[in-house]
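Before any comments, here is the structure.
For clarity, every value in this text was computed on a predicted model and none was experimentally measured. In the text below, chain A, chain B and the rest are named by the order of the sequence lines, each starting its count at 1.
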Amino acid sequence: MDNYNPLPVEKKWQESFEKNKVFKTKSEKNKKFYCLEMFPYPSGNIHMGHVRNYTLGDVIANFKRLNGYNVLHPMGWDAFGLPAENAAIQNNLHPQEWTLKNISTMKSQLKRLGLSIDWDKELSTCDEKYYKHQQIIFSNFFKNNLVYKKESYVNWDPVDNTVLANEQVIDGKGWRSGATVERKKLSQWFLNITKYSDELLNSLENLKGWPEKVKLMQKNWIGKSEGCEIDFTTDYKDTKIKIFTTRPDTIFGASFIAIAPDHPFTESFKDEKNFKDFKNTALKNIRIESELSKNEKLGFKTSFSVFHPFSNKKIPIYVANFILMDYGTGAIFGCPAHDQRDLEFAIKYDLEILPVVTPDKSKAINIKDQAYTEDGYIVNSEFINDLTIEEAKRKIIQKLEEKKIGKSKITYRLKDWGVSRQRYWGCPIPIMYREDGKIILVPEKDLPVTLPKDIDFNKPGNPLENHPTWKYTKCPETGMKAIRETDTLDTFVDSSWYFLRFCSPQENNKPFNTDEANYWMPVDQYIGGVEHAILHLLYSRFFTLALKNEFKLKVSEPFENLFTQGMVCHPTFKTKEGKWIFPKDVIEENGGFFLKNKEKVLKGDSQAMSKSKKNIIDPDDIIKIYGSDSVRWFILSDSPPDRGIQWSDSGIQGAFKYIQKIWRTYEKIKIYKKVKDEKENKFFVSTNLLIKEVTDCIEKFHINVAVAKLYVFLNNINEQIEMKTLEKEEIINVYKQYLIIISVFIPYIANECWQKITGKDDLVNQEWPKIKDSLLKKDNFEIVVQIDGKKRAIINATDNENEDSIFSKSLAIKNIKVILDEKIIVKKIFIKNKLLNIVTNDK
RNA sequence: GCCCUCGUGGUGGAAUUGGUAGACACAAAGGACUUAAAAUCCUUGCCCUUUUUGGGAGUGCCGGUUCAAGUCCGGCCGAGGGCACCA
């Protein structure tokens, strides 16, 4: 028998798919399925993470197509971003050339995988045909007050004179210059996502098809807190400090006020030397975020106080390094007895610790180094004594509102989205600053504002800013001089609406065609990495809400079902000096690991594949040896798709063997002859059951289990071939059903075998095999017989066979009888067609 | 620190949601075929035993609920992830 050689076969079918536009989206508007995987950043080559992501999506898309859905399965490129600029600097290659080259490479790699993508829908975010519409969306947000400018901090490299992205700051230093990064305030554009805080939070519970984990992460990110604001009157010219608290019930335990270092109240003493020093250290420490929680709680005692709103007691005001100006009101009252952080602060500065909540009314509570934060009753608190915490909160808020010094208030952790980037390779913001100081939009007819091609990366800073002419323009209305916005948009903006654009990527006048979008949206299945659980997915939800009215969208949520796939992992290798080594450069010998020059290599634990640790396997290298089908099959088997998968050589070899076995099965069927008769054959029943199980597994994303069932399926077919009791036609029919099913996973071998066995190449036009309910009804069952819950025997029974009959059959079994002879039967538990448990007095 | 998830053979993992634990695969050992290798196929896989269609232990640890627990409840231990001065 010939071996199956995947490479020429796969090439043949790839060309055939392409030539015949097999995966083109249909125009008729019947039941639809929009299957989308997160689009890739064109970094150079596809990696195993892409292979897993797109293969997974392809299984779903193929499955739905065979089940009669009109499927939209597009692909595009998240093509703006910093690495293109870095490559430009390093290789003296224009970001656009670098990007386009990468897109072309990766596109051919994806095609080689046999993905059922409609390439006519391809889009790229760095294409002006795409970002023109993003500028229209920005203009729209501008008109609807969803975008505004405010001062905000950036990472500033004082040596390179440039703004750094967070990932360019390493241990607080600039990645190129090594200079300590400073915080610098710049005026930047913000999208008003917080306007939708409540809606984004509340509709999470309607997202039934999202993983609970992701919803929880978003919920925590939005971070809703219910509490109240209280105005405290100070002894400085009667000014007021507004604080936010979730624990107004502890107001009588307040022993200090703490405000943020950049709180407006600090204006009156901002030039005091002691305060300046304090503020500098406090703000400096904020920059290294990981250090924050370890930081010591430091306070600066001001010479001012506030008056308690109910007791009129004087309470000192501190400036504290742990109070953030951009959360709540930038000020709190500290109640040390019932907040751990306040307690630490109070101990350090010797402030009063007055317990006002007790778990037990009859006993006094004593606070040492643990704040009491549990439920209880209020004490030491005048008119709210003896109330529960909840009652006290309500009472205090009511009193505050009566006295007009406070009100209930909901605060969110979610902040508005800063979208300005001081970068070249991004979508230009369609804004002009007119010489009379007015900020105006570039009119829609003048869009897109395109990026200049001739740029100089040798000068530090933003090339758009440095460009000799690009930013100078004129106001089209007044003819006044104007300067263009030189910031570009965060690339997360690009990916916040691309799923809408895919519905009508050729639409010229609008970001998307309303009818098409309303037909295809929402995305029925979205698949991607869990690392996007918060930002990308939240931003996309925000965009959908924000665009809804203006563009007449029917949906409020973009992604009906979300699946977050796990990472592809591989062991890491290092030399003694700690240099990372590619797995392909490592040779295993007698349990040890070596380089080609015999240098010893240390094997580390398995981690997610990453360029920096070099524990990567290039899909190209693998496909060249085993073919695409093998890679697809392996990456789908073994591990549940939402968990990490261990890449292994033996695993891919196993997959390759399976592909070979599919081929051998075809060759055996080709020469098959029936030689004997057999009355009873469970084959069709078990096949039908397998089809049902595989179908269920795919629908539930248990792809690894579906794969396991398909091993059984093929083994069963081969068993039947050996038995030689079926008609050839019968074997072929089951094999054809099998091929339809595996074509969803591994299209090339499936199409090849189908063509060989049927003489036609119309596998893609087939229907998913029907499950025959009549065959699902079994008439034979294996009944488990237990004594006191322990399995003792298995009995064959007919459908619905009754308890007495099963019981008497059990007694006929020797060891059951032996055991029961010594015991008295107390009762029997019987479950039809399944189980009989005989319970005795002797447990 | 807070929140979440997960602990099953040498390994990746199944188990219809409380009803036969270990499907399927990888790796290993033994065998068949072969001059040989590769490929392929078969067998084995905890302990005891009268070698069986027998018994026992067994899903991180301790306890509980139940006729019955990998699955439910309580406590502990361990691994991974998210948030991180959020008032």
### Query
Taking A:T250 for the side chain and A:C335 for the main chain, is one N or O donor matched with an acceptor at less than 3.5 Å?
no
#### Entry: Rounded distance in Å between the C1' positions of B:rG82 and B:rU43
48 Å
### Task
Send over the distance from A:Y711 OH to B:rA14 P, rounded to a whole Å.
15 Å
### Message
Counting distance alone, no hydrogens or angles: does the base of B:rC24 have a donor or acceptor under 3.5 Å from a partner atom on the side chain of A:K709?
### Response
no
Taking only side-chain nitrogens and oxygens of [X], does any of them come within less than 4.0 Å of OP1 or OP2 of [N]?
| X | N | result |
| --- | --- | --- |
| A:N833 | B:rG19 | no |
| A:S225 | B:rC86 | no |
| A:Y327 | B:rA87 | yes |
| A:K213 | B:rC4 | no |
| A:R792 | B:rG55 | yes |

### Message
Please convert RNA chain B into dot-bracket. A pair counts if it is Watson-Crick or G-U wobble with both distances under 3.5 Å; crossing pairs go in [ ] and bases paired with another strand get |.
### Response
(((((((..(((......[....))).(((((.......))))).(((.....)))...(((((..]....))))))))))))....
### Message
Are A:F232 and A:H308 an aromatic pair, judged by ring center distance below 6.0 Å?
### Response
no
### Query
Taking the six-membered ring for Trp, are the ring centroids of A:F345 and A:Y318 within less than 6.0 Å of each other?
yes
### Query
Which value, rounded to the nearest 0.5 Å, describes the distance between A:K709 atom NZ and A:L714 atom CG?
15.5 Å
### Query
Under the rule syn = chi within 90° of 0, otherwise anti, which is B:rU17?
syn
### Query
Is B:rG7 in the syn range, within 90° of 0, or in the anti range?
anti
### Task
Tell me, please, which residues at least two apart from A:E226 pass side chain to side chain contact (heavy atoms under 4.5 Å, CB included).
A:K224, A:I410
### Task
Evaluate the ring planes of A:W663 and A:Y4, with Trp represented by its six-membered ring, and classify them as parallel (under 30°), tilted (30 to 60°) or perpendicular (over 60°).
tilted
### Task
Check the angle between the aromatic planes of A:F701 and A:F563 and answer parallel, tilted or perpendicular using the 30° and 60° thresholds.
parallel
### Task
Indicate for each nucleotide in nucleotides 37-44 of chain B, in 5' to 3' sequence, whether protein heavy atoms under 4.0 Å reach the base (B), only the sugar-phosphate (S), or nothing (-).
---SS---
#### Entry: Heavy atoms from other residues, nucleotides or ligands near NZ of A:K772 exceed 12 (cutoff 6.0 Å)
no
